[in-house]
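All remarks here apply to the structure that follows.
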Amino acid sequence: MLLRERDAELAQARATASNATALIAHLQLSIDKLRRELYGVRSERKAPLLEQMELEAEGAEDDLAAEREAETAKLTTVRSFSRKKPSRQPFPAHLPR
């Protein structure tokens with residue numbers, strides 16, 4: 001039981017760290033785009049760098065989504081069961097109708 005709690009806390013910490021990393025990458029990309037828009041194209045080498053940063057940001061978001069999906073898959077595993085229909089007993093003969 002303690003191991004499950006520790007694993008859950010560890011997974012939560014990893015998800016938080018991954019989310020923070022994705023947010024940082026996204027914000028850095030936004031900053032670079034705004035700088036490029038403000039100051040213009042400084043050099044042709046900057047364009048591939050922005051594309052690379054976009055790919056990294058998308059990859060971080062995909063990783064985060066995959067982690068969340070894996071965590072929900074672990075937490076929502078439920079065994080199936082079938083309900084039995086209740087059978088009615090006959091009305092007792094000694095009771096008035």
Side-chain angles (χ1 to χ4, degrees):
M1 182 154 194
L2 292 174
L3 290 176
R4 288 183 186 166
E5 290 175 9
R6 183 184 58 86
D7 289 343
E9 289 175 5
L10 181 61
Q12 182 66 27
R14 284 183 180 163
T16 303
S18 179
N19 189 17
T21 304
L23 180 64
I24 290 169
H26 177 69
L27 292 175
Q28 186 65 38
L29 176 65
S30 298
I31 289 169
D32 287 343
K33 283 184 176 181
L34 290 172
R35 280 186 183 156
R36 184 173 182 173
E37 185 178 316
L38 183 64
Y39 298 116
V41 179
R42 293 183 186 182
S43 70
E44 292 301 318
R45 289 183 286 159
K46 194 70 169 177
L49 181 62
L50 284 176
E51 290 174 4
Q52 180 184 359
M53 290 180 74
E54 286 177 349
L55 290 175
E56 288 175 2
E58 289 174 5
E61 291 172 0
D62 291 343
D63 291 343
L64 179 63
E67 284 182 15
R68 285 182 183 164
E69 192 173 305
E71 286 301 316
T72 57
K74 286 182 184 176
L75 297 177
T76 57
T77 303
V78 178
R79 288 189 309 154
S80 63
F81 64 97
S82 60
R83 293 181 184 254
K84 296 180 182 176
K85 289 187 177 181
S87 61
R88 288 191 171 186
Q89 301 294 325
F91 197 72
H94 68 281
L95 293 176
R97 292 186 184 207

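For reference, positions follow the sequence shown, starting with 1.
- The line from CD1 of Ile24 to CD1 of Ile31 is 10.5 Å long, rounded to the nearest 0.5 Å.
- Here Asn19 contributes atom CG and Gln12 contributes atom CD; the two are 10.0 Å apart, rounded to the nearest 0.5 Å.
- For the atom pair CG (Asp32) and CG (Leu27), the distance works out to 11.0 Å, reported to the nearest 0.5 Å.
- Here the CG atom belonging to Asp7 is positioned 10.5 Å from the CD atom belonging to Glu5, to the nearest 0.5 angstrom.
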